[in-house]
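Worksheet: the structure to be examined is printed underneath.
Heads up: numbering here begins at 1 and tracks the sequence. The figures that follow rest on heavy atoms only: side chains count, while hydrogens, waters and symmetry mates do not. Since we're looking at a predicted model, the values are computed, not measured.
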Amino acid sequence: MSDSVLLPRCLKQRIGLTGLFKSILLLSLFLPLSATHAKLLSLKGDRTQGSLLLGKVSLGSQVKYKGKTISVNDGGFFVIGFGRDAALDQQFAVISPDGQQQSHKLKLKKRQYNIQRIKGVPQKMVTPPESFLKRIRRESKLVADSRAVESNYPYFATPFIWPLTGRISGVYGSQRVFNGEPRRPHFGVDVAAPVGTKVISPAGGTVVLAEPDLYFSGGTLIIDHGHGVFSSFLHLSKVLVKVGTKVKQGDVIAKVGATGRVTGPHLDWRMNWFTTRVDPALWVGPMPKK
C-alpha cells in the first residue's frame, strides 16, 4: 500500500520517514476493531469423545459447525456435542455481526471403552423376535420425533445435577459382543438403586416424551433442556410427569424401575445433542457422596 493513502504529502515532508511510521501506528489505534468482533469468549467442557462443549461468543455473533448454523441464545451461549467415536480433529467458526469470520480448531482426546466379549449366549437373547420388530421400529420413531424440534430453552447452559445418587453400575461407551456379533454401545450412565427410588430433573426443561412401557427401555421419559440438549431416563417403574410439563431442576419426575430389557433395577440416564449421543457423566461431574 502506498503511504500517500494514509497521509497527505505535506505532512510526510514534515515528519520524515520515521515520523511517518509513528503516525501510522498512532492512527491504527483508532481504526475500527471489526476483525475482533468474531470473538470466542469462553469454551467449557471436556475436550474428548462423547463430550458437550459450552461456548460463549460476543452478542450478535453466529456459530458454524460442519456447515450448519448453531443457535446462540440471548446471552451469547451455544453448545456443540461430539459422539462416542467422533473424529479427534474438530473445527467450528464464529462469525461477527459485520461478517468477520474466525475459525477455531479443537483436538479431542481419544477414549478407551470397556468391550466385553461373551460367547454361548442363546440367539433369542441377542436378536429380538421377528414379531417385535414392528413395535421396535414404531417406538424408535416415537423417540426420534420427540427430539426433532429445536427449542430456545436456556437450561442447557446451566450447571446440571445428578438425577439421583448411588453406585454407578454402567458407563457410557461400553459395549458387549455376543457370539462374535457387536451389540450397540451403551450410551448412558447407569445408577443402581432400588425400585421406587425418586428420580429428579438434572436441569430445567420441558417433557417431550413420557411412555410407561417401551420394548427396550421400559418406562421412558425425555426432557428438552434447549438448543438440542435432551435428557432421557430409562427403565422407570413410574413416570410422574406428562408431555408438555415444564420442570425445574430438582423436581421429582419419575421412580427407578427394572422395566424393559434389563437384568436389575437401575436408572439409565442418557443425554443427546440432537441425534448425537453424549456422556452425561462428563457434563454433570463426579457423583456426589451420600
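- Minimum interatomic distance between V94 and F92 (heavy atoms only, all atoms of both residues): CG2-CE1, 4.0 Å.
- Nearest approach of H266 to H235, heavy atoms of both residues: NE2-CD2, 3.5 Å.
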* Mind running side chain to side chain contact (heavy atoms under 4.5 Å, CB included) on F82 and S51 for me, showing each step along the way? => CA-CA 5 Å; F82 306 103; S51 66; 3.7 Å; yes

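- Shown are L52, V189, T48; of these, the side chain to side chain contact (heavy atoms under 4.5 Å, CB included) with L282 is made only by T48.
- Summarising the geometry of V171 relative to H186, their closest heavy-atom pair is O-ND1, 3.1 Å, with the distance given to 0.1 Å.
- Nearest heavy-atom pair, K248 versus S201, reported as atom, atom and distance to 0.1 Å: O-CB, 3.7 Å.
- Rounded to the nearest 0.5 angstrom, Y215 OH and R137 CZ are separated by 12.5 Å.
- Remark: side-chain polar atoms of T259 are paired, donor with acceptor, to backbone N or O of L236 under 3.5 angstrom.
- Here the OG1 atom belonging to T220 is positioned 4.5 Å from the CG atom belonging to L234, to the nearest 0.5 angstrom.
- In this structure, OG on S96 lies 13.0 Å from CG on L59, to the nearest 0.5 angstrom.
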* To do: Just do the ring-ring contact (aromatic ring centres under 6.0 Å, His included) check on H225 and F156 with the steps written out, would you?
  => CA-CA 5 Å; H225 303 295; F156 73 97; 9.6 Å; no

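- Across all non-hydrogen atoms, the minimal contact from A193 to V256 is O-CG1, 3.6 Å.
- Within the structure, every pair that satisfies the side-chain hydrogen bond (donor to acceptor under 3.5 Å, both in side chains) test and touches residues 75-90, not counting sequence neighbours, is listed here: Y65-Q90, D89-K107.
- Other residues, nucleotides and ligands contribute over 12 non-hydrogen atoms within 6.0 Å of the NZ atom of K64.
- Between W162 and W269, the angle of the ring planes goes over 60°, which puts this pair in the perpendicular group of the 30/60° scheme.
- Here the closest heavy-atom approach between residue A203 and residue Y155 is recorded as CB-O, 4.3 Å.
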